[in-house]
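Contents: one structure, followed by commentary.
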Amino acid sequence: MDFTANRRRLNQPIINDSLSELYRHDLNMYVDPPSQSISLSEFEDIALQRVQLFRIIEQASLKGHKLYTDDWKECIKGDLSKATLKSFIRLMQPYNGQTEADHQARRIDHISHFILRVAYCRSEELRRWFLSRELEWFRLKFSEKSAESIRSFLELYKLSYTPISDEEKMELREELTQSTSGIFVLDTTAFYKVPFTEVCPLVKNRRVLLKGGYAYVPSYELVVPILSKFRADLSAALTFYNRRLPLFDDDRINPLLTNLHRVHTGNNYVVRENTDSVDPANLDAYSKKHFPLCMRHMHDVLRAEHHHKHQARLTYGLFLKGIGLLYEDAVRFWRDEFTKKMDSGKFEKSYLYNIKHQYGKVGRMLNYTPYSCMKIILTNVGPGEHHGCPFRNWDPNFIKQKLVEGGISNENANEIKELASGGHCQVACGKYFEYSHGKAAANGINHPNQYFEESVNLEKGNAESKK
RNA sequence: GGCGGC
DNA sequence: GCCGCCAACATA
Ligand code: SF4
């Protein structure tokens, strides 16, 4: 886009008779910057639309929908139409129409992309965020496209992927069915012969047939080589724009461009440093007296196995930070356990950075809040993982057994077991608190750290009243 | 674990 | 293979 040119041009009316020529397809690789003039107010409006689009996409993932699932897409479409960003929805239709509205939608998509390039090339962090959203957006549109529509896209961008002939497919039918991952019907799925260097991720994970230097990519994976080109180009472009930033210097648009990201960064700066620090030597005792079952369990597992998978390190690590374990103590705590199974060089290389990050000492230096019950309950745990809520994930009988071992009466343990198998984890947890402390938590349980704090306070209270 | 860089 | 960066959100 040419902001540096003659300023008067900005106020001229939009000439759009060539729109249909320029915007034939919903899928855009954004190779050429827009060359038309645009009014300042539309410039602003369009930029904000894309930021909103990306925020909605990001939000859909944050809500827990897995990327590219139908759930995820529905969520995005729903939010888009609520936000009256219908033009983006239009770009997700399987066939690309050639109506006036279609061309307009593509024009907005095109121009807004280039505006955001200028806005988001400014820092490493912004570039990363922007790149991820752009990739998701492209892939989202791509995944909704019909075979026909994809074919015309390939042609338009001179991407020379052509499906192999039926005869060739027949010859390779055995090998194709055997070495292609995913569910597909051989007869109706098109396969593309692609130099294997363009689809490294697919080859590495053995998801496609590899033969004579060529990978046979099924149509539903064709997005992979395209996306990697898209990524490479955009990533390079952003560094390029960043270096040329002075060329875009223009006091009419600067305020908008520099503030654009704050729209989505929004309001998250809370720091509080009020909790007393906790002596790491007391952790074993605390875990028995004051930890909720989920944290108690992770503590025990760590002591027993001297290891935790990634998600447990994070969940438990943040919890510990939340109860007042200082950074230095946390490092020593994890190191002492982990180095029982590895040397300290390995520990430092693979885990130290993450601990620093948890404590807000590197990167964006944020002070992350420990996970709430809701997150812990909803997260699913794979084999060898322990970061879930016991009331949700353990076998009911095992729950009961553990409770009784922990000194809960048979009758009470049964009650908790029933609550848990009814899916009422937090209620069960509240009862567990009540029966092991002799007093219910004031407001129920909805955060592990709240459980801890109420438990400690209760003890303090008892100590006071005994005097 | 995911993403990203070489 | 080496490395950096991210996630969260109760709460009186
Ligand atoms: S309800 Fe919350 S605090 Fe209690 S065990 Fe489950 S996740 Fe932990």
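Note on naming: letters A, B, ... go to the chains in the order of the sequence lines (proteins, then strands), and numbering restarts at 1 for each one.
- Among the protein residues, N449(A) comes within range of the nucleic acid bases, having at least one heavy atom under 4.0 Å from a base atom.
- For Q426(A), there are no side chain to side chain donor-acceptor pair (under 3.5 Å) partners, not counting sequence neighbours.
- We find that CZ of R313(A) is positioned 12 Å from P of G2(B), with the value rounded to whole Å.
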For a quick test of your reading: what N or O donor-acceptor pairs under 3.5 Å do the side chains of residues 348-360 of chain A make, sequence neighbours left out?
unit_1  : atom_1 : unit_2  : atom_2 : d
E348(A) : OE2    : R335(A) : NH1    : 2.5
S350(A) : OG     : K346(A) : O      : 2.7
Y359(A) : OH     : L325(A) : O      : 2.7

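- Comparing the same atom, P, in C3(B) and in dA8(C) gives a spacing of 16 Å after rounding to whole Å.
- N367(A) has no side-chain polar atom (N or O) that falls below the 4.0 Å cut-off from OP1 or OP2 of dC9(C).
- For S344(A), the side chain to side chain donor-acceptor pair (under 3.5 Å) criterion is met by no residue, not counting sequence neighbours.
- Under 4.0 angstrom from either OP1 or OP2 of dC9(C) there lies at least one side-chain N or O belonging to S372(A).
- For an aromatic pair to be called close, the ring centres must be under 6.0 Å apart, and F338(A) with H307(A) satisfies this.
- For E198(A), the side chain to side chain donor-acceptor pair (under 3.5 Å) partners are Y161(A), not counting sequence neighbours.
- The CG-P distance, from L234(A) to G5(B), rounds to 11 Å in whole Å.
- The separation between K66(A) atom NZ and G1(B) atom P is 15 Å, rounded to whole Å.
- Atom pair E58(A):CD and dC6(C):C1' shows a separation of 11 Å (rounding to whole Å applied).
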Measure all distances between protein nitrogen or oxygen atoms and nitrogen or oxygen atoms of nucleotides 1-5 of chain C, and list the pairs falling under 3.5 Å.
unit_1 : atom_1 : unit_2  : atom_2 : d
dC5(C) : OP2    : Y353(A) : OH     : 2.6
dC5(C) : O5'    : Y353(A) : OH     : 3.1
dC5(C) : O3'    : R128(A) : NH2    : 3.4

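- In the set dC6(C), dC9(C), G5(B), the nucleotide with an atom closest to the side chain of S235(A) is G5(B).
- H447(A) contributes no side-chain N or O that forms a donor-acceptor pair with the base of dA8(C) under 3.5 Å.
- Put simply, NZ on K356(A) is 14 Å from P on dC6(C), counting in whole angstrom units.
- Rounded to a whole Å, the CZ atom of F319(A) is 15 Å from the C1' atom of dA8(C).
- Nearest-nucleotide positions on DNA chain C for Y368(A) and G322(A) put Y368(A) closer to the 5' end.
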Show me the donor-acceptor pairs within less than 3.5 Å that the side chains of residues 285-295 of chain A make with the rest of the protein, sequence neighbours left out.
unit_1  : atom_1 : unit_2  : atom_2 : d
S287(A) : OG     : D284(A) : O      : 2.8
K289(A) : NZ     : E459(A) : OE2    : 3.2
H290(A) : ND1    : S455(A) : OG     : 2.5

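- Rounded to whole Å, the distance from CD on E124(A) to C1' on dC6(C) is 13 Å.
- The E453(A) side chain lies nearest to dT11(C) when the options are C3(B), dT11(C), dC9(C).
- A straight line from CG of L131(A) to C1' of C3(B) spans 10 Å, rounded to a whole angstrom.
- No side-chain heavy atom of W137(A) sits under 4.5 Å from any side-chain heavy atom of R133(A).
- Note on Q358(A): nothing from the nucleic acid sits closer than 4.0 angstrom, heavy atoms only.
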